[in-house]
Enquirer: 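Structure below; questions to follow.
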There are 2 protein chains.
Amino acid sequence: MITKELVNHIYNTSYEDIPESVIEHAKKSLLNWLGVTIGAIRHETIDILLDVANDLSTSEQVSILGREVKTDLLSAVLINGTSSHIFDFDDTHLDTIHHPSGPVAPVIFALGEKHSFSTKELLRAFILGCEVELRISNAVYPSHYQHGYHITPSTGVFGAAVAAGLLLKLDEDQLAMAMGLAGTQSFGLREMFGTMTKPFHPGKAAQNGLMAALLVQKGFTSSTQVLEAKRGFFNVYSPEHNVNRVLEDYGRVWELEKNAFKPYACGIVLHPSIDACIQLSELATPREVDGIILKVNPYVLELTGKREPKTGLEGKFSIYHTGAIAFLEKDAAEEQYKDEKVLASEIISFRGKIKPIADEKVDKDKVEATLVKKDGTRHQVFIEHATGSIENPMTKDMLDRKFMKLCKSSLIDEKITQVIEAMDHFEQMDSVEEIIRILS
Amino acid sequence: MITKELVNHIYNTSYEDIPESVIEHAKKSLLNWLGVTIGAIRHETIDILLDVANDLSTSEQVSILGREVKTDLLSAVLINGTSSHIFDFDDTHLDTIHHPSGPVAPVIFALGEKHSFSTKELLRAFILGCEVELRISNAVYPSHYQHGYHITPSTGVFGAAVAAGLLLKLDEDQLAMAMGLAGTQSFGLREMFGTMTKPFHPGKAAQNGLMAALLVQKGFTSSTQVLEAKRGFFNVYSPEHNVNRVLEDYGRVWELEKNAFKPYACGIVLHPSIDACIQLSELATPREVDGIILKVNPYVLELTGKREPKTGLEGKFSIYHTGAIAFLEKDAAEEQYKDEKVLASEIISFRGKIKPIADEKVDKDKVEATLVKKDGTRHQVFIEHATGSIENPMTKDMLDRKFMKLCKSSLIDEKITQVIEAMDHFEQMDSVEEIIRILS
């Protein structure tokens, strides 16, 4: 009966039941999601999706965020949802490696634009949609992920369906059926990592979940016990699971509050080294540097040991390039992983000074960094918790700057500031119309 | 490398390489698919899907078969594919309980209508799409199905992608990527049986597969080793599998030739009893009958022992109702499972004369039937292979009559005859336009 119990809890959670701190974290999550979505919206992946949507002669119902174009509702959630995962720069529920906003936020923005729902309704739907997907992820992690499923779409589809269902005013039975119709469409293979199909996953999960809610609203029928049934989601997609996790501490612990944001546009294992190199850059000019020794866990080097990256994407898997740009440019945003950066002579020459050492004694999420100057002086930095970790989260100010950097190729500065201000007062706006207007 | 090897075999199989008998069986499959699709096209399930498509302001690209309405390409394959599975009256590859036409034929008709492909191109794409899904089904059956996946959509999505990809002239690498993008969207839980979500499955598989081919055609990237990869389809969706089945006897054995057609609109376990009752109906009038004893395997009674069905759907699970209508109306088509039939007094009274006896010694696919007349005479019939089995397949004439019955509520008789004639000469037509014209 866990499907119906979960639905019952969700259905009876009002906006007022949600603590202020959760609302604030949801607003940060939405700002971060909006930034990564707008940031990648001119990527080739999106051009292809739009091209196909145009061939289908889609109608102009909902905005592609950050581009002056609209598509039908279902194409828009697919496209916006895909864009948010292109840079691998979106949010992460670290307990389950699930990116919660990807499948849910596009539904919130698209339905919000189409039907002018109040922003409080949107926030409630977003938060509860995220709770649903993350609590299901808790129940199946880690075996489900280790088995080969990409957890973001495979459980995210439930979050998208519930978020849409709440907005569309489904009753409890219908919400359970929307979970059924969504859950039977659960999908996502980790084999797809490294191709455009990976970012397609959260977009498609958003689309499948929204479609489920739209159909059930009109009377479509489905199972009301998709999670627990003999041939339902848990038994089929994750024979090893713990159903008790689904409602554990419901209303006391909010999974969305465990959602972390990445300050840097690369794998999380490099983040301590980036923090260290930025700190060390305050202590010497590039010319003064003889070398920077980065003592890291062997696992870090295994993943990011590429000595001579040729493309921006390869740069994300190179501690040499990453250390160099962190020192030289004090950042590791998408900008620092453009192809031309990886091929720039001053960066290539500096990356020769980055000297990683594998050391079992250093934890995966830490680094011991030593700056050796040509004059022989040494400076040490030890990063215990990288920026963006749960213990050392990005501040609102950092998130604003991340948003600005992500949007600057798509929007003029004035509009960027306006969007940040609007998102700061999200719950006080009538609807998302103001944000959509600024973006278009 | 099995993904690429399969693609290589498919890619290099021309229309001329396909034996005449396979072409003929493909034409029967398409006629049967068209009949079950048109037959259910006014069902509430379809009304809901069309309603949502209309809300999306879909464009008028492709026909909903048997209704005077068009939608965009992707909505049309979803809707036509769903319609074909509503009556549970579509084709079955008995080795794997896979319904091969459901995910593939809607793609053939929709792309055929939109792009005027030649019917020979369409037949080749249909046959090879079916080979792909059925050969993958062979590799994962039975463990995949027993585990809880609905095999028709979960492997059908590959067939849809390959059929679309062949028509869209993808090259070999692109075809492999279309299989990747399709395979990551594999889905379908058996828990959904008994709800509208079950027929939704083949429609959605068709839509996901077609979408994959459309995107890859424009440059979308995906894995080219979706079947065999460590975190690919076989390992994730079916840890017990036999990869050798995929190309076993390729070009010598055509899986599509093992495709069977149902003469009756109910579960296959009742088909021998229906055959028997129809035969016995030649030997007595209803008034002369004292009883009809049906000696069947206990499994048959377990599934169909409903004594007092109240709805048409329940009638399909009642050997009493089914025996009665088979004797009284010499058929067990969708017509005989309408609610009013189940509630008709003369049928209710006759079903009291149907006397099933469970007997372990009778095989599941057989029946020993005895007609006992009021005058004391007895007539026996033994059905060894029911109509529609591999050993006793439906003849072309029977398929034509099935088609007529399915279409008569949607089309006038003249049009029905015209469609059958056109389908008889399918490979000699320029395109499917003529059929679409008759249907609209």
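To find a chain, count down the sequence lines: A is the first, B the second, and so on, and within it residues start at 1. Source: prediction; values computed, not measured.
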Enquirer: Between B:Tyr145 and B:Arg190, is there a cation-pi geometry (under 6.0 Å to ring centre, at most 45° from the normal)?
Expert: yes

Enquirer: Can you pull out the residues in residues 75-88 of chain A with any heavy atom less than 4.5 Å from chain B?
Expert: A:Leu78

Enquirer: Would you say the side chains of A:Thr184 and B:Glu191 form a donor-acceptor pair under 3.5 Å?
Expert: no

Enquirer: Sort B:Gln61 into side chain, backbone, both or neither according to what part of it lies under 4.5 angstrom from a heavy atom of chain A.
Expert: side chain

Enquirer: Below 4.5 Å, heavy-atom pairs only: which of B:Thr195, B:Leu49, B:Val52, B:Leu189 has the largest tally toward chain A?
Expert: B:Leu189

Enquirer: Tell me yes or no: between the side chains of A:Ser137 and A:His98, is some donor less than 3.5 Å from an acceptor?
Expert: yes

Enquirer: Scan side-chain atoms only and decide if A:His144 and A:Ser154 contain a donor-acceptor pair under the 3.5 Å cut-off.
Expert: yes

Enquirer: Can you say whether A:Lys198 sits under 4.5 Å from chain B via the side chain, the backbone, both, or neither, judging by heavy atoms?
Expert: neither

Enquirer: Does some side-chain heavy atom of A:Ile64 sit less than 4.5 Å from a side-chain heavy atom of A:Lys70?
Expert: no

Enquirer: Which one of A:Val62, A:Leu215, A:Leu73 has the most heavy-atom pairs closer than 4.5 Å to chain B?
Expert: A:Leu215

Enquirer: Does the pair A:Thr152 and A:His201 meet the rule for a side chain to side chain contact (heavy atoms under 4.5 Å, CB included), with working shown?
Expert: CA-CA 8 Å; A:Thr152 296; A:His201 285 172; over 6 Å; no

Enquirer: Among A:Tyr237, A:Phe193, A:Phe233, which residue has the highest count of heavy-atom pairs closer than 4.5 Å to chain B?
Expert: A:Tyr237

Enquirer: Could you list the residues that satisfy ring-ring contact (aromatic ring centres under 6.0 Å, His included) with A:Tyr299, not counting sequence neighbours?
Expert: none

Enquirer: Under a 4.5 Å heavy-atom cut-off, does chain B meet the side chain of A:His150, its backbone, both or neither?
Expert: neither

Enquirer: Quick one: which of B:Val226, B:Asp55, B:Asp47 has the most heavy-atom pairs under 4.5 Å with chain A, could you say?
Expert: B:Asp55

Enquirer: Counting heavy-atom pairs closer than 4.5 Å to chain B, which one of A:Lys230, A:Gln225, A:Glu44 comes out on top?
Expert: A:Gln225

Enquirer: Where on A:Ser186 is there a heavy atom nearer than 4.5 Å to chain B: the side chain, the backbone, both, or neither?
Expert: backbone

Enquirer: Please evaluate residues B:Asp173 and B:Lys4 with respect to the criterion salt bridge (Lys or Arg N to Asp or Glu O under 4.0 Å), reporting the C-alpha separation (whole Å), side-chain torsions for both, the decisive distance (0.1 Å), and the verdict.
Expert: CA-CA 8 Å; B:Asp173 246 23; B:Lys4 286 199 160 186; 3.2 Å; yes

Enquirer: Can you say whether B:Met177 sits under 4.5 Å from chain A via the side chain, the backbone, both, or neither, judging by heavy atoms?
Expert: neither

Enquirer: Using every non-hydrogen atom in the two residues, find where B:His99 and B:Pro103 come nearest and quote the distance to one decimal.
Expert: O-CD, 3.4 Å

Enquirer: Can you check whether B:Leu227's main-chain N or O pairs, donor with acceptor, with B:Thr3's side chain at less than 3.5 Å?
Expert: yes

Enquirer: Mind ranking A:Thr71, A:Thr221, A:Asp72 by heavy-atom pairs under 4.5 Å with chain B and telling me who comes out on top?
Expert: A:Thr221

Enquirer: Taking B:Leu56, B:Leu214, B:Leu181 one by one, which has the highest count of heavy-atom pairs under 4.5 Å against chain A?
Expert: B:Leu56

Enquirer: Just checking, is any N or O donor in the side chain of B:Ser222 or A:Thr197 under 3.5 Å from an acceptor N or O on the other one?
Expert: yes

Enquirer: Heavy-atom distance under 4.5 Å to chain B: side chain of A:Pro153, backbone, both or neither?
Expert: neither

Enquirer: Would you say A:Arg67's side chain and A:Ile41's backbone share a donor-acceptor pair under 3.5 angstrom?
Expert: yes

